[in-house]
Each structure stands twice: as C-alpha cells, then as structure tokens.
Amino acid sequence: MYRIDALPAFSDNYIWLLQDTTTRRCAVVDPGDAQPVLDWLAAHPDWRLDDILVTHHHPDHVGGVTRLKDATGARVSGPAWENIPSRDVALDDGARIEVLGRDFVVHAVPGHTLGHIAYYQAEEGWLFSGDTLFAAGCGRLFEGTPQQMNASLQRLAALPDSTRVYCAHEYTLSNLHFARAAEPGNTAVAQRFEEVSAWRAAGRISLPSTIGLEKATNPFLRCGETSIKEKIDERDGARQRTDDEVFAALRGWKDQFKVT
C-alpha cells in the first residue's frame with residue numbers, strides 16, 4: 001500500500017512524501033527545506049527515508065537535500081544537466097529509476113529551467129511535475145523558451161487523463177483567477193474556481209490534480225482552443241498564430257497579471 005502526503009515548506013511549497021506502508025520506507029520529492037522531513041521522520045521513528053527525488057536546481061527545491069542525505073543516507077536522484085547538491089544518480093530523458101519498489105520513467109521537460117525533469121509512475125498513475133505543470137498553470141520561463149515549455153506541457157498532457165499531478169506549489173487559486181480571465185466562457189474553469197476557493201478557505205490543499213482536469217481548465221494546455229486564441233487576438237491584435245505563439249502571448253500576459 002502506498003500513501004502520498006504533502007509536507008508544507010516556506011510560504012507555498014509542497015515536499016511530496018511517498019510512503020510504502022508495508023515496508024515503512026519512504027521517499028521525498030524536492031525537499032527545499034530539510035526540517036519538515038526531519039520532523040516527520042522524528043515523529044515516525046520506525047520509518048526509513050530511502051530516496052530523494054529532485055526535479056530541478058532552484059533553491060526552494062534542493063535546499064534541504066544535503067542535510068537530509070547526511071542525516072539519513074538516502075539516495076539523491078536528479079536531472080543530469082543541472083547542478084544538484086549531493087546527487088548520486090544523474091537522470092536524463094527516458095531514464096528509469098526504481099523507488100519504493102515502483103518503476104518511474106523520467107521525462108525531460110525544459111522551460112522553467114533547461115534541465116528540468118518530471119517523474120512518472122504509470123501503474124500508480126503518479127506524475128511529479130515540479131515547476132513545469134502546475135494546477136491550472138505552468139512555471140515561469142526562467143531559462144527555456146516558449147517553444148520548449150509548450151512542448152513539455154503537451155508531452156505531459158499526453159499522459160492518461162487519470163494521472164494524478166503532484167506539482168510543487170500551492171498556486172492553484174491564483175492560477176484559476178488567470179484562467180477565468182483567459183477563458184471566461186469555460187464553465188469547467190468557473191466550477192473549479194468555486195471548488196478550490198472553498199477548499200482554500202477551509203484550509204484544504206488543492207492538490208493533486210489530474211491530467212484530465214488540467215486539459216479542461218488549464219489555459220496553458222489549451223493553446224489550440226479557439227476560445228483562447230480569440231482572447232489573445234482581443235488583447236494583442238488579430239492574426240494567425242501558431243500554438244507556440246499563443247502560448248508565448250499567454251505566458252507573457254500571466255507574468256503581468258494581477259488578481260483584482
């Protein structure tokens with residue numbers, strides 16, 4: 001039996017804690033801060049941390065890696081083309097890695113950073129997407145191009161609709177404010193906005209999402225939709241645009257968007 005919990009860190013990060021309840025072994029994804037993980041382990045002294053999975057090099061994802069490795073001896077796996085502290089296993093596109101008895105496939109998803117990777121477990125339907133695919137949004141382009149990010153998102157969107165999306169930040173409500181502006185006629189977005197607003201007011205996290213829900217409500221996965229293209233035409237002038245150009249315009253708008 002497997003369980004996945006979110007350990008909050010900083011103001012809006014989640015460190016995902018994977019637990020094999022049969023063997024009492026666990027793994028964490030993107031521990032930007034070691035303390036929440038160490039606190040959990042202290043409260044569960046019969047559990048062992050076996051693996052630390054990293055999606056990209058930003059400090060809020062790797063800041064706790066070395067301390068956790070030193071404290072537990074856990075194996076550290078992360079993207080081959082980025083500087084990941086204390087990394088034991090360098091992972092590139094298409095690599096496979098066994099974690100807690102489950103086989104994960106690595107997808108290269110450049111855009112937010114050039115070496116960003118995501119971890120996909122097909123049998124359980126888990127996707128750990130880091131800062132590439134967010135619930136109702138996507139990461140900023142700090143290193144990659146719009147073309148790279150759009151291709152990365154479309155690659156993840158091709159996974160089964162039932163795939164559960166474990167992203168690294170609680171950005172969902174903010175992202176849905178933008179989704180409503182980008183596609184005001186989308187009733188699925190409106191319904192999700194109301195649902196997530198109620199969850200957050202009650203102190204409930206908004207994750208995980210699913211690929212199917214993202215395809216219905218995430219504007220960055222909907223750049224081929226007429227409704228999105230018309231909104232970009234309305235803002236930036238009507239002309240023929242490729243999906244990559246629609247994505248670039250949408251991401252540029254989101255970068256300046258203020259929730260009112």
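This one's a predicted model, so the numbers in the text were calculated from it and none came from an experiment.
Judged purely by atom type and a 3.5 angstrom limit, R200 has no side-chain atom pairing as donor or acceptor with the backbone of E195. Formation of a donor-acceptor pair under 3.5 Å by the Q19 side chain with backbone atoms of L17 is found in this model. Looking only at distances, a side-chain donor or acceptor of T21 sits under 3.5 Å from a matching main-chain atom of M1. A donor-acceptor contact shorter than 3.5 Å links the side chain of H112 to the backbone of R140. Listed for the E82 side chain is no donor-acceptor partner under 3.5 Å among the backbone atoms of P79. Within the 3.5 Å criterion, the main-chain N or O of S162 finds no donor-acceptor partner in the side chain of T210. Side chain of N186 to main chain of A216: a donor-acceptor pair is present (N/O by atom type, distance under 3.5 Å, no hydrogens or angles). A distance-only check finds a donor-acceptor pair linking the side chain of N13 to the backbone of D60 [under 3.5 Å]. For the pair T163 (side chain) and P160 (backbone), a donor-acceptor distance under 3.5 Å is present. Proximity of a side-chain donor or acceptor of D50 to a complementary backbone N or O of R75 within less than 3.5 Å is not detected.
Side-chain N/O atoms of T72 and R67 include no donor and acceptor closer than 3.5 Å. Residues T113 and E143 have side chains that never bring a donor and an acceptor to within less than 3.5 angstrom of each other. Residues Y14 and E170 have side chains that bring a donor and an acceptor to within less than 3.5 angstrom of each other. Side chains of H107 and R155: a donor on one and an acceptor on the other come within 3.5 Å. In this model, a donor atom of one side chain and an acceptor atom of the other lie less than 3.5 Å apart for H116 and T132. When only modelled atom types and interatomic distance are considered, W16 and D30 share no side-chain donor-acceptor pair under 3.5 Å.
L250 approaches P219 most closely through the heavy-atom pair CD2-O, 3.4 Å. The minimum heavy-atom distance between S197 and L173, with the atom names listed, is OG-CD1, 3.3 Å. Here the closest non-hydrogen pair linking S206 and V196 is CB-CG1, 4.1 Å. Residues L156 and I211 come closest through the heavy atom pair O-CD1, 3.4 Å. In this structure, P85 and V76 approach most closely via the heavy-atom pair O-CG1, 4.0 Å. Shortest non-hydrogen contact noted between A179 and T217 is CB-O, 3.8 Å.
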Assess whether ring pair (Phe, Tyr, Trp, His ring centres under 6.0 Å) is satisfied between H169 and F134, documenting all intermediate values.
CA-CA 7 Å; H169 289 272; F134 289 132; 5.8 Å; yes
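Put simply, W40 and L68 are part of the same group of oily side chains (I, L, V, M, F, W, Y) that touch within less than 4.5 Å, one to the next. Linking ILVMFWY residues whenever their side-chain heavy atoms come closer than 4.5 Å, directly or via other members, places L141 and W253 in the same cluster. Under the 4.5 Å side-chain heavy-atom criterion for ILVMFWY residues, no single connected hydrophobic cluster contains both F10 and Y166.
For an aromatic pair to be called close, the ring centres must be under 6.0 Å apart, and F247 with F220 satisfies this. Centroid-to-centroid, the aromatic rings of W126 and Y119 stay 6.0 Å apart or farther. A centroid separation of less than 6.0 Å is found between the aromatic rings of H58 and F142.
Using bins of under 30°, 30° to 60° and over 60° for the plane-to-plane angle, the ring pair F178/F257 lands in the perpendicular bin. Using the six-membered ring where Trp is involved, H61 and H56 have ring planes that are tilted, between 30° and 60° apart.
In this structure, R25 is not positioned above the aromatic face of W47 in the sense of NZ or CZ being under 6.0 Å from the six-membered ring centre and within 45° of the axis. F193 carries R180 over the face of its six-membered ring, with the cationic atom under 6.0 Å from the centre and within 45° of the normal.
For Q35, the CD atom is densely surrounded, since the number of other residues' heavy atoms within 6.0 Å is greater than 12. Counting non-hydrogen atoms of neighbouring residues, nucleotides and ligands closer than 6.0 angstrom, the CZ atom of R239 exceeds 12 such neighbours.
Side-chain contact between C138 and E214 is absent, with no heavy-atom pair separated by less than 4.5 Å. Looking at heavy atoms from C-beta onward, Q121 lies out of side-chain contact with V105 at the 4.5 angstrom threshold. At least one side-chain heavy atom of C26 sits less than 4.5 Å from a side-chain heavy atom of L41.
For R3 and D20, the salt-bridge test fails: no basic side-chain N is under 4.0 Å from an acidic carboxylate O.
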